[in-house]
Amino acid sequence: MKILIDTGHGENTPGKRSPDGKFREYLYVREIADQVVAQLRQRGYDAERIVMEFSDVALAERARRVNEVCGRLGTKNVILVSIHCNAAGNGEWMNAKGWSCYTSIGQTKADKLADCFYQVAEEQFAGRKFRKDLTDGDPDWEAGFYMLKKTKCPAVLTENFFMDNKDDVAYLVSPEGRNAVVATHVEAIIKYIQSNE
Ligand SMILES: [Zn+2]
């Protein structure tokens, strides 16, 4: 199984930061992605980032990179996880907070992957807020996000708390929070792969 890690946005993307400008989504998710890939490799899994650039890479190009790997290795041998942080407002501190995970619309293998994410996240982020959409019988949210809709392999997008909520940002940048975000991705991916074996 090839594990592809996508990181949203670039240093040139407008917004995508905390209201005080100290937290930058593109940078945080790249740091998390590096650690996720390193830990998965240490444990014998084949993981890589699809965006090594610091500038924004267009969605179409990111999806093309994923689908190129799918074409080479077979769609069933690839998964994609896109790592993000959420935002509720337009540059002011907001009240919305919590962790969530998205899949494309409809039941696919991505819903199994998202289930693994929620199960692990509830342990790793114990006591913190979770955002769930239980209307279709599972906790993940479904949306027509480009990277979920246009990629051929099972794909999920994680929204790791809110970069415009003071409490969430303090948690994200704390050693405890960083470790839990990394561990959630590593353990959820391994849980999914093991459940498919
Ligand atoms: Zn994002």
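Counting starts at 1 for both ligands and their atoms, in listed order. Note that the structure is a prediction, hence the values are computed from the model and not measured.
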Notebook entry, point to check: Could you give the distance from CZ (Arg49) to CG (Leu4), rounded to the nearest 0.5 Å?
Noted result: 12.5 Å

Checklist line | Check: Arg64 main-chain N/O paired with Asn67 side-chain donor or acceptor under 3.5 Å | finding: no

Checklist line | Closest approach of Gln124 to Ala180 (non-hydrogen atoms, all atoms of both residues) | finding: O-CB, 3.7 Å

Return all side-chain donor-acceptor pairs below 3.5 angstrom for residues 90-104, not counting sequence neighbours, or 'none' if the list is empty.
unit_1 : atom_1 : unit_2 : atom_2 : d
Lys97  : NZ     : Asp167 : OD2    : 2.8
Trp99  : NE1    : Asn160 : OD1    : 2.8
Thr103 : OG1    : Asp140 : OD1    : 3.2

Next item on the list: Considering only NZ, NE, NH1 and NH2 on the basic side and carboxylate oxygens on the acidic side, decide whether Arg65 and Glu53 come within less than 4.0 Å.
Entry: yes

Check: Under 2.8 Å from the Zn ion (ligand 1), protein N/O/S atom count?
Finding: 3

Margin query: What I want to find out is whether Glu31 reaches Arg178 closely enough, with some N-O distance under 4.0 Å, to be called a salt bridge.
Written below: yes

